[in-house]
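What's counted below: heavy atoms across the whole structure, side chains too, no hydrogens, waters or symmetry copies. Residues: numbered from 1 along the sequence shown.
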Amino acid sequence: GNCNILLDGYKRGIEYILLFISDGLTSMMDALHHVYSKAKHQACLIHVSREALPNYVSKVAKRFFHDFKSVYQHDNYEFAREALVTFKLN
């Protein structure tokens with residue numbers, strides 16, 4: 001696994017790693033600290049943004065559809081119109 005990759009690098013002459021950037025898998029970080037105990041780890045920003053974006057989009061979409069339902073599900077025209085104004089402001 002991950003530890004074997006790092007051990008192989010060590011055996012080939014990589015004596016130390018100052019900074020290791022990865023997707024943040026726990027097994028990779030554990031292996032890194034096992035083989036290169038002084039190495040610093042940083043999560044890859046591309047991986048972090050990929051992880052965060054679907055959750056953000058999902059939360060925004062859920063809120064949007066919840067708020068939008070308050071407009072078109074009203075039986076009363078005036079309440080629906082008021083909900084539309086509120087919806088536009090948000």
Side-chain angles (χ1 to χ4, degrees):
N2 296 325
C3 196
N4 291 338
I5 293 168
L6 293 170
L7 281 171
D8 186 52
Y10 186 80
K11 288 176 186 176
R12 291 173 179 234
I14 302 173
E15 295 178 12
Y16 59 90
I17 293 177
L18 297 177
L19 178 64
F20 190 85
I21 300 172
S22 73
D23 59 1
L25 287 175
T26 304
S27 61
M28 181 60 84
M29 294 186 309
D30 291 345
L32 174 68
H33 291 129
H34 176 75
V35 178
Y36 298 101
S37 60
K38 294 181 181 179
K40 300 291 182 196
H41 178 265
Q42 177 179 320
C44 171
L45 293 178
I46 292 172
H47 284 91
V48 169
S49 64
R50 284 182 185 164
E51 290 288 322
L53 188 59
N55 294 331
Y56 175 76
V57 170
S58 176
K59 287 178 184 178
V60 170
K62 284 179 185 177
R63 181 174 177 216
F64 171 84
F65 287 114
H66 177 268
D67 292 350
F68 190 58
K69 282 181 186 178
S70 69
V71 175
Y72 73 81
Q73 288 185 340
H74 272 292
D75 293 333
N76 181 296
Y77 174 79
E78 290 303 319
F79 287 134
R81 190 162 173 77
E82 186 177 313
L84 178 62
V85 170
T86 302
F87 177 76
K88 285 182 178 179
L89 293 175
N90 290 328

**Request:** Under the side-chain hydrogen bond (donor to acceptor under 3.5 Å, both in side chains) rule, collect the residues that match up with S22, sequence neighbours excluded.
**Result:**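 Testing S22 for side-chain hydrogen bond (donor to acceptor under 3.5 Å, both in side chains), a comparison that skips the adjacent residues, returns H41.
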**Request:** Give a yes or no answer on whether the side chain of Y36 reaches the backbone of I14 with a donor-acceptor pair at less than 3.5 Å.
**Result:**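 Pair found, side chain donor or acceptor close to backbone of I14.
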**Asked** Just by distance, do the side chain of S70 and the backbone of D67 share a donor-acceptor pair under 3.5 Å?
**Response**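 Here the side-chain-to-backbone pair exists.
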Rounded to the nearest 0.5 Å, what separation is found between the [atom1] atom of [X] and the [atom2] atom of [Y]?
{"X": "I21", "Y": "Q42", "atom1": "CD1", "atom2": "CD", "answer": "4.5 Å"}
{"X": "H34", "Y": "L6", "atom1": "NE2", "atom2": "CG", "answer": "10.0 Å"}
{"X": "M29", "Y": "F20", "atom1": "CE", "atom2": "CZ", "answer": "10.5 Å"}

**Asked** Going only through I, L, V, M, F, W and Y residues with side-chain contacts under 4.5 Å, is there a path from Y10 to L32?
**Response**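 Yes, because Y10 and L32 connect within a single hydrophobic cluster, where side-chain heavy atoms sit under 4.5 Å apart.
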**Message:** According to a hydrophobic-cluster definition based on side-chain heavy atoms being under 4.5 Å apart (Ile, Leu, Val, Met, Phe, Trp, Tyr only), do L84 and F65 belong together?
**Reply:**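 Linked within one cluster.
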**Heavy atoms from other residues, nucleotides or ligands near NE2 of H33 exceed 12 (cutoff 6.0 Å)** =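 Count over threshold, so yes.
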**Item:** Over 12 foreign heavy atoms within 6.0 Å of CD, E15
**Value:**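 No.
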**Prompt:** Got a sec, which residues hit salt bridge (charged side-chain N to carboxylate O under 4.0 Å, His left out) with D23, two or more places apart in sequence or on another chain?
**Reply:**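 Salt bridge (charged side-chain N to carboxylate O under 4.0 Å, His left out) list for D23, sorted by chain: empty.
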**Asked** Can you name the closest pair of heavy atoms from V35 and C3 and give their distance?
**Response**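 Of all heavy-atom pairs spanning V35 and C3, the closest is CG2-SG, 3.9 Å.
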**Asked** Looking at residues at least two apart in the chain, or sitting in another chain, which of them share a side-chain contact (heavy atoms from CB on, under 4.5 Å) with T26?
**Response**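 If we apply the side-chain contact (heavy atoms from CB on, under 4.5 Å) test to T26, skipping adjacent residues, the hits are D30.
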